[in-house]
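So that the names make sense, note that chain A is the first sequence line, chain B the second, and so on, each numbered from 1. What you see below is based on every heavy atom in this structure, not just the backbone, and it leaves out hydrogens, waters and symmetry mates.
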Number of protein chains: 2
Amino acid sequence: MTEPSHRRGKVVDDNILRAAISVIEESGTLLIKVDRVAELAGVNKTTIYRRFPNRDDLVLAAILAQAETVVPIPDAGSLRGDLWEIVVMVRSTVMSSLGRALLSASAASPDLDQLRPTYWQTRFEAAAKVIDRAVERGECSPPADPQLLIELMVAPIHFRATQVGVDISDEFLAVQVDRLVAALR
Amino acid sequence: MTEPSHRRGKVVDDNILRAAISVIEESGTLLIKVDRVAELAGVNKTTIYRRFPNRDDLVLAAILAQAETVVPIPDAGSLRGDLWEIVVMVRSTVMSSLGRALLSASAASPDLDQLRPTYWQTRFEAAAKVIDRAVERGECSPPADPQLLIELMVAPIHFRATQVGVDISDEFLAVQVDRLVAALR
DNA sequence: GTTGCAATGCAACAACAAGTTGCGATAGAA
DNA sequence: TTCTATCGCAACTTGTTGTTGCATTGCAAC
């Protein structure tokens, strides 16, 4: 039999949050089983409930901790190159188990529902800078609403992944990039 | 006290399915409570489980029965008019409680997940006829993939409603229509 | 009208997961 | 070594899905 760990403090925190992410990934939903998280974290269920009032708060904290990773702003040198990197990132996110759980769930809690808008807002702001730089380089004229253009480029990718249920080809991604580039003339 | 109904046959079926839809609407999720359906249908929980092996099958049957309503194909006389009607229909669906439950839930069962692709496929086919008619009228030249154009028009509406969390203005709808019309030249 | 059967109601039950509680055990610092 | 906050643990409550056995009742055939 394995010994109970009885570890404490920050290590336990990190283990719990990482375990929660793992469970979301392996189950593909935000409605995870707390017992499973406790098992993966090597921690008793009570310890989790001493830190988080309920499951939704645990999930929220886990996702927020995970989202601390800085949103990368591509810099491939050209507008097309930057947009391509964005579009590929969106595809891999939307196809991933964690991404699908976060982005296609109608969450039970308002806090979790709030997560989606802020998630995209952050990324739209980052992606819009790619357009700003293209303008500075003289590749195109400044658009009225850069973030809207990004939104219109990303929407078909998300839609196809979550609704139409067709896998997303490179050609489909290229179409979205082309449409944005065309809109900038 | 109210008397137990003891009604039978098709009436009971209809009551159960309509009650299920009501509960989905009032709860905004596909994870409805069977007891609540029984209450609304004026039927014992056992009666429901005698017809449907489990909750997911009940939800599936309720949605399929509801979806029997024919998908209307607009005929406003002009391409723009038809597209506008489509786009308004999509908005009202995506904003409705039933629509949100169906289209933004990561369902528990594969059958319910299958529902989304067929839902959209049906509507894409219907909407594509609007483009066909426009071609016949000589309003535009025949596109390579009409359904793809519809998909690209609808995607931003769905995306904004379910992800960005911003309410969808008439102007936003008009932009989507304009983009499709522009793509047909 | 009477009879018989299938459909329904009903209450109790099992299984499972969220969340709680009281107490005993232990790590880590004083 | 001692003290205390943290952790493990087992047992519990609550809510929901799904099941079961039996009593009731609607309805059709006779």
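With sequence neighbours excluded, the residues that form a side-chain hydrogen bond (donor to acceptor under 3.5 Å, both in side chains) with A:Trp120 are B:Gln163. The side-chain contact (heavy atoms from CB on, under 4.5 Å) search around A:Ala65 returns A:Leu17, not counting sequence neighbours. Contacts of B:Glu26 classified as salt bridge (Lys or Arg N to Asp or Glu O under 4.0 Å), with partners at least two apart in sequence or in another chain: B:Arg36. For the side-chain hydrogen bond (donor to acceptor under 3.5 Å, both in side chains) test, no residue two or more places apart in sequence or in another chain qualifies with A:Asp82.
As rounded to whole Å, 9 Å separates atom P of D:dA10 from atom CG of A:Asn44. Distance CG (B:Asp13) to P (C:dT8): 8 Å, rounded to an integer number of Å. The distance between atom CG of A:Leu58 and atom C1' of C:dA18, rounded to the nearest whole Å, is 12 Å. Protein atom CD of B:Glu39 is 13 Å distant from nucleotide atom P of C:dC10, rounded to whole Å. One atom, NZ of A:Lys33, and another, P of D:dG15, lie 21 Å apart when rounded to the nearest Å.
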With side-chain hydrogen bond (donor to acceptor under 3.5 Å, both in side chains) as the criterion, how do B:Asn44 and B:Thr46 come out once you've worked through the C-alpha distance, each side chain's angles and the decisive distance to 0.1 Å?
CA-CA 5 Å; B:Asn44 195 273; B:Thr46 320; 2.7 Å; yes

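Heavy atoms only, all atoms of each residue included: A:Ile168 and A:Arg91 are closest at O-NH1, 3.0 Å.
Contact check, A:Arg51 against D:dC7: a side-chain N or O comes under 4.0 Å of OP1 or OP2.
DNA chain C is contacted by both A:Asp35 and B:Thr47; B:Thr47 maps to the nucleotide lying nearer its 5′ end (nearest heavy atom per residue).
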Walk along nucleotides 19-25 of chain C from 5' to 3' and tag each nucleotide B, S or - by protein heavy-atom contact under 4.0 Å, base first, then sugar-phosphate.
BBBB---

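Note on A:Arg36: nothing from the nucleic acid sits closer than 4.0 angstrom, heavy atoms only. In this structure, A:Ile32 reaches the sugar-phosphate backbone alone: every heavy-atom distance under 4.0 Å involves primed, P, OP1 or OP2 atoms, never a base.
Contacts classified as salt bridge (charged side-chain N to carboxylate O under 4.0 Å, His left out) and involving residues 174-185 of chain B (residues at least two apart or in different chains) are given here: B:Arg80-B:Asp178. Residue pairs satisfying the salt bridge (charged side-chain N to carboxylate O under 4.0 Å, His left out) criterion with at least one member in residues 150-166 of chain B, sequence neighbours excluded, are listed as follows: A:Glu151-B:Arg160, A:Arg160-B:Glu151. Identified under the salt bridge (charged side-chain N to carboxylate O under 4.0 Å, His left out) test for residues 135-146 of chain A, with sequence neighbours left out: A:Arg137-A:Glu139.
Scanning residues 19-26 of chain B for heavy-atom distances under 4.0 Å to DNA chain C yields an empty list.
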